[in-house]
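Please read the structure below before turning to the comments.
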Amino acid sequence: MTESFCNVALPVPLRTTFTYSIPESLRAQVQPGSRVLVPFRKKSLVGVVVEMTATVPEGTKIREIQRAIDRIPALTPKLLELGQWIATYYLAPIGEVFRAMLPPVTEISTKRQIVLTEAGRTLAEKLKAATTLSDLDGAENEFLQKLLEKKGQLALGLGSKLGLPPEALQRLQRRGYIEMRETVQGRKRKMQRVVAWKGNAESASKSGEREERIRALLETERGPLPMPQLLKLAQVSRALIDRLLRDGLLESWQEPIDPVEDPFDTGYTPPAHTLNETQESAFTAIRARFELGEFGVQLLHGVTGSGKTEVYLRSVQDTLARGKTAIILVPEIALTLWIGRQCRAWFGARFEGVAVLHSALRDVERAQEWWRVRTGAARVVVGTRSAIFAPLEDVGLVIVDEEQENSYKQEETPRYHGRDVAIVRAKLENALALLGSATPALETYHHAVNGKYELLTMASRVENRNLAAVEIVDLRSDFQQTQKANPISQTLHAGIAECLQFQTQALVLINRRGYSWSVLCRSCGASVQCVNCSISMTYHKSRNRLECHYCGSIQSVPKVCPKCESKYVYFFGEGSEHLEERLRKEFPGARIARLDRDTARTKQQYQETLGAFASGALDILVGTQMLAKGHDFQRVTLVGVISADSSLHLPDFRAAERTFQLLTQVAGRAGRGELPGRVLIQTYYPEHYAVQDAVKQDYLSFYERELHFRRMMMYPPFTSLANVIIRDSNLENAIRWSRRLSEYFAPHDGKGLRILGPASAPLARLKKEHRYQFLLKSPRKSLLTKILSAALTFCDANEIPQTAVLVDMDPLTLL
Ligand code: ADP
Ligand code: ZN
Ligand code: ZN
């Protein structure tokens, strides 16, 4: 490249790129897709080069790139293209899109410092010698003295530790006594010594038993190993290794530290099944698609327990055999570990061929996994949502497991849907997208019915196991009999007792965490609301406080009503914590654990609980949706759902679909082994079709009825939706901007699209911000995009801040 300028996308909420010049010394290194460090306002930011350019915008001062971070561009041309598509389709700032796509920046570290200015130094010295008076207060004076002692520099973090509040720091800064400075340093990657076998087999066996063991490890069993691991596995001393290195039997070199291995990995061999007939015919159809060698989407609709994983793995194997690479997306972290482990056992000779990417990895780990993919060392990627941006080349297959899961949607900018991006990526790569589900999203199934996607069906469970028998427990009649509002009905109680008696296991699902999800005053009817959000606070008994599940704010547990001071404060609506307590009371001898976001704060805790349950060390597992997904427990004979209704009543057009999916998924957790399963669904609303069809586990029936409703109401898949939220902490602003935007929208309403609003959003206040909502509906997606894009330009021109306007294309919730 000869151009000396380039456009860089920066992680700022602005829908534009910025032009920088490339210094002579960096020209060889800076290419489209490279990450670079550039000055932006008073800071340095890492951005990505989108394109080279020979021309510069007139009248602007062009600054220079400070540093090139990558040796090879982090993003491939295809990923650059994908990023542009996301920015356009989801109306997201391009720099924020690329930030979501890129690995964490581990190559450099930034240090923020407080620095004493010349004026500050002079003043501080005079004050020290008491030769002058000033308008500083005691604390400020003390602070300047400390800065002086520390040679005029302090890390920003320390500054606040020294007891000066941020406002005081700002005051000193405004008066020119101190400055904030940012320095960027290269960071060394942590290296380790890796040892490999160099001699021949004879020389080892001649030298002795220990040498032979080392050779076997390094040459046949594991391949080259990091020093500490070698010492541990071979049970030899460092001195011996050093001797063998000197003798030329071993060689060694420095390598960046490898990602931490999955501790459960060692010794795992997955069961090797021969595909049954149903699986075989699905797999044949997938292979036939590969033969075409072109883009396509297939939907693998397989009931729970039909053995989809096995089909995925064969398809990946086939893809690799064709010299291509594959991505497997799963909806949650726990599943990456499980599927990752199977992939490694299948494809990862020496644990190299497979990379696992998810958000719970430490930055360094994630960056290393990412670069293993980028350099071609790993050819299979397993991960959550953002793994769709894995920098593989020659992608042949993209699998999206449980494609209907909401966790594929990112609920912050860029608000993309991982499944939809997967399809676009497959298209760019000329690859096959394989979507798998027992309960496909309505949109997806609709495409399959229309022939846009190819439908593959697996209607029976492996080994002809029966689907679990699902029964409804009508809570109304339970109450009439017992006159008690116990969330554990008599039927459920009896079912659990039976499990305990026959030493099988039970799963009990409840959709809320915490102890009680509402705190009410019996006297005046007030409920305790979050100070930042229009939502009631949840009581957490073990932590003895109220928490907001939306913004995380905390309140102490009120003894009297905060409004009327009556003593009759009452906790209402049971959550998982309460349910666990109740189960312990009702089944004193049982081994019970709870799994929700409170008990499973870390990956470790999560795995421990699931592991304990899988190994039979627990009888009953209580938990939230987390339990519903994908897990394959063999000894579960009973699944209880505490309340099917709670998700039906949300003000959301997807409520029925979500309820149906959840109930079907949990039902799928029962009877997966050789023991038959039973599912009890408790509800006050047994007539609803979402409940009825879930009981029959009849996807098609549900699909037909729900589709009818969507058609009547003009909801997706019959229209496209976009949700626009105007938000600000100042109510006046939020109202004024909404009104202004509605003036822009008004003339477009009715011309190929419907524009509803502005109305107060269902969550009228969230995280201290007031929220107003517009809902746009159109059968033509391109029209929506066009209007919205113009609306954003209108906002810019009318001084409606970009941060106040939130656009959610294809929203999953309208809250
Ligand atoms: P799904 O994802 O469709 O719910 P899984 O892939 O978890 O189902 O498979 C369910 C169980 O069936 C797993 O324990 C798996 O090992 C087993 N399995 C898969 N294929 C076969 C087969 N052909 N024969 C016997 N068991 C199988
Ligand atoms: Zn009250
Ligand atoms: Zn809140």
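When a ligand or atom number is given, it counts from 1 through the structure's own listing order.
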Within a 6.0 Å radius of atom [atom1] on [X], are there more than 12 heavy atoms belonging to other residues, nucleotides or ligands?
X: Arg597; atom1: CZ; answer: no
X: Lys768; atom1: NZ; answer: no
X: Gln605; atom1: CD; answer: yes

For ligand 1, which atoms, with element, lie under 4.0 Å from some heavy atom of [X]?
X: Thr309; result: 2 (O), 5 (P), 6 (O), 7 (O)
X: Glu463; result: 25 (C)
X: Asn276; result: 23 (N)

Angular separation of SG (Cys533) and SG (Cys551) seen from the Zn ion (ligand 3), to 10°: 110°

Cys548 atom SG and Cys530 atom SG as seen from the Zn ion (ligand 3), angle to 10 degrees: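 The angle at the Zn ion (ligand 3) comes to 110°, rounded to the nearest 10°.
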
Ligand 1 contact by Val303, heavy-atom criterion under 4.0 angstrom: yes

Looking only at distances, please establish whether an N/O atom of ligand 1 is found under 3.5 Å from an N/O atom of [X].
X: Thr304; result: no
X: Gly307; result: yes
X: His273; result: yes
X: Gly305; result: yes

Positive for side-chain contact (heavy atoms from CB on, under 4.5 Å) with Glu403, one of Asp420, Leu300, Leu434, Thr444: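 Testing Glu403 for a side-chain contact (heavy atoms from CB on, under 4.5 Å) against Asp420, Leu300, Leu434, Thr444 leaves exactly one candidate, Thr444.
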
The Zn ion (ligand 2): angle it makes with SG (Cys561) and SG (Cys564), nearest 10 degrees: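 SG of Cys561, the Zn ion (ligand 2) and SG of Cys564 span an angle of about 110°.
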
Angle subtended at the Zn ion (ligand 2) by Cys524 SG and Cys521 SG, rounded to 10 degrees: 110°

Parallel, tilted or perpendicular: rings of Tyr699 and Tyr703 (30°, 60°):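 If you compare the ring of Tyr703 with that of Tyr699, the planes turn out parallel.
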
Worked check of salt bridge (charged side-chain N to carboxylate O under 4.0 Å, His left out) between Arg322 and Asp318: CA-CA 6 Å; Arg322 289 165 200 268; Asp318 203 75; 2.8 Å; yes

Structural part of Gln634 in contact with ligand 1, heavy atom criterion under 4.0 angstrom: side chain

Location of contacts on Val462 toward ligand 1, heavy atoms closer than 4.0 Å: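 It is the side chain that touches ligand 1; the backbone stays farther off.
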
N/O/S from His549 sitting under 2.8 Å away from the Zn ion (ligand 3):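 Not a single backbone or side-chain N, O or S atom of His549 is under 2.8 Å from the Zn ion (ligand 3).
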
Sub-6.0 Å ring centroid separation between Phe571 and Tyr515: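 No; Tyr515 has its ring centre 6.0 Å or more from that of Phe571.
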
pair Arg379-Thr319: side-chain heavy atoms closer than 4.5 Å: no

Min side-chain heavy-atom separation Cys530-Met537 under 4.5 Å: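 Touching, per the 4.5 Å side-chain cut-off.
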
Flag, side chain of Arg385 to backbone of Leu329, donor-acceptor distance under 3.5 Å: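 Flag not set: sc Arg385 to bb Leu329 has no pair under 3.5 Å.
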
